[in-house]
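Okay, structure first, notes after.
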Amino acid sequence: MKSAPHLLPEDRADFERILDEALRTAPDRPDLDALGERLNAEQLRTMALDASALISTAAATEYDHFVRVREEHRRPSGVSVMASVLGGSGDETTPGAGFGVVVTVLAPILAGTAAIIFLLVGYLLKVLDPPPDIADPLLAAGWFFAAVTAAGILAAAIGLLVTALRNRSTEVPAPQEPGGDLPDEISRAREAWRHALLERGILPFLREALAEPGTAPAVPDPPRRLARPPGTGFTSPDLRGPEPRTD
């Protein structure tokens, strides 16, 4: 399946759906009523897919806007996620909130490191005969830091779970299937891109391909890739055979 390289994978199916719909309704369009005389629908579809990168540039502005709006609704910032874990709204960041993030992340790491060191040294001293008096305090400190580490990991896990549940209602699904429920802003941006792709990209391409003068009534093989012309941005392929040699 050939697709426009710069389109995101989730949007490539939209390109083909719009193309197929344009070809399906071509007999109802006076400017495409020549469909089937020299080029059939499958040949035109092959040509359009082969030139999809060129066609899609006609609606590049609308597509960039659509992708930007969709990403803004779909992906929260990292600061907002951490602020949500700490119980904040995530709309504003303050030095105190930044310090809280650092403490939340580093506390289990530091406590775990201290627990390992104290427990290791304490149990090594315990094997001595007789064990020194400092062995028991070291073991007590090690188990204390181990408890702090466990509590920190548990708090972080609970915070991440709460954040995931809180943000679940604001997630935007990828618009793969037509007719899905999308936020109004994303839906408008998507429709603007689809309309521009059809009116400024696909239809001009098909019109130019069908308007090419020639004598052959049909072409058995798919024509060559279209070149960029002045004006619409497309030209139909040269369907004429080689010129006879005149010696």
Side-chain angles (χ1 to χ4, degrees), residues 3-14 60 63-177 180-190 193:
S3 305
H6 74 281
L7 292 179
L8 296 176
E10 62 194 277
D11 300 319
R12 292 173 182 173
D14 266 351
Y63 182 67
D64 291 341
H65 175 68
F66 166 50
V67 172
R68 184 171 61 253
V69 170
R70 183 173 60 190
E71 289 302 318
E72 288 174 355
H73 283 75
R74 177 180 297 173
R75 186 176 55 198
S77 66
V79 174
S80 298
V81 171
M82 291 305 300
S84 298
V85 172
L86 295 175
S89 62
D91 296 331
E92 298 180 359
T93 58
T94 63
F99 179 75
V101 171
V102 173
V103 171
T104 302
V105 173
L106 293 182
I109 299 176
L110 297 177
T113 303
I116 293 174
I117 294 174
F118 285 122
L119 290 174
L120 180 62
V121 175
Y123 279 112
L124 287 176
L125 293 177
K126 272 288 190 180
V127 301
L128 299 178
D129 189 18
D133 295 337
I134 197 175
D136 289 333
L138 288 176
L139 289 175
W143 285 115
F144 169 76
F145 283 114
V148 172
T149 302
I153 295 175
L154 179 61
I158 294 175
L160 291 176
L161 178 61
V162 171
T163 300
L165 294 176
R166 183 180 301 170
N167 293 337
R168 186 174 181 179
S169 60
T170 62
E171 291 180 354
V172 179
Q176 293 280 1
E177 298 298 330
D181 293 333
L182 294 174
D184 290 341
E185 187 178 6
I186 299 179
S187 180
R188 288 193 297 267
R190 184 191 185 197
W193 165 60

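Quick note: numbers below take in every heavy atom, side chains included, and nothing from hydrogens, waters or symmetry partners.
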Discussion item. Distance check, rounded to the nearest 0.5 Å: Leu106 atom CG versus Thr113 atom OG1?
Written reply: 10.0 Å
Worksheet entry | Side chain to side chain, Tyr123 and Val127, heavy atoms closer than 4.5 Å | no
Discussion item. Once you measure the plane-to-plane angle for Phe66 and Trp193, does it fall in the parallel (<30°), tilted (30-60°) or perpendicular (>60°) bin?
Written reply: parallel
Discussion item. Would you compute the distance between atom CG of Leu119 and atom CG of Leu124 and round it to the nearest 0.5 angstrom?
Written reply: 10.5 Å
Worksheet item: Taking all atoms of both residues into account, what is the closest heavy-atom pair of Ala146 and Ala115, and its distance?
Response: N-CB, 3.4 Å
Worksheet item: Which of these, Leu138, Asp136, Leu120, Leu139, sits in a side-chain contact (heavy atoms from CB on, under 4.5 Å) with Leu125?
Response: Leu138
Practice prompt. Measure the CZ-NE2 distance between Arg188 and His65 for me, rounded to the nearest 0.5 Å.
Written response: 8.5 Å
Worksheet item: How many angstroms lie between atom CZ of Phe145 and atom CG of Leu110, to the nearest 0.5 angstrom?
Response: 9.5 Å
Practice prompt. Return the minimal non-hydrogen interatomic distance between Ile186 and Arg70, and the atom names on each side.
Written response: CD1-CA, 4.0 Å
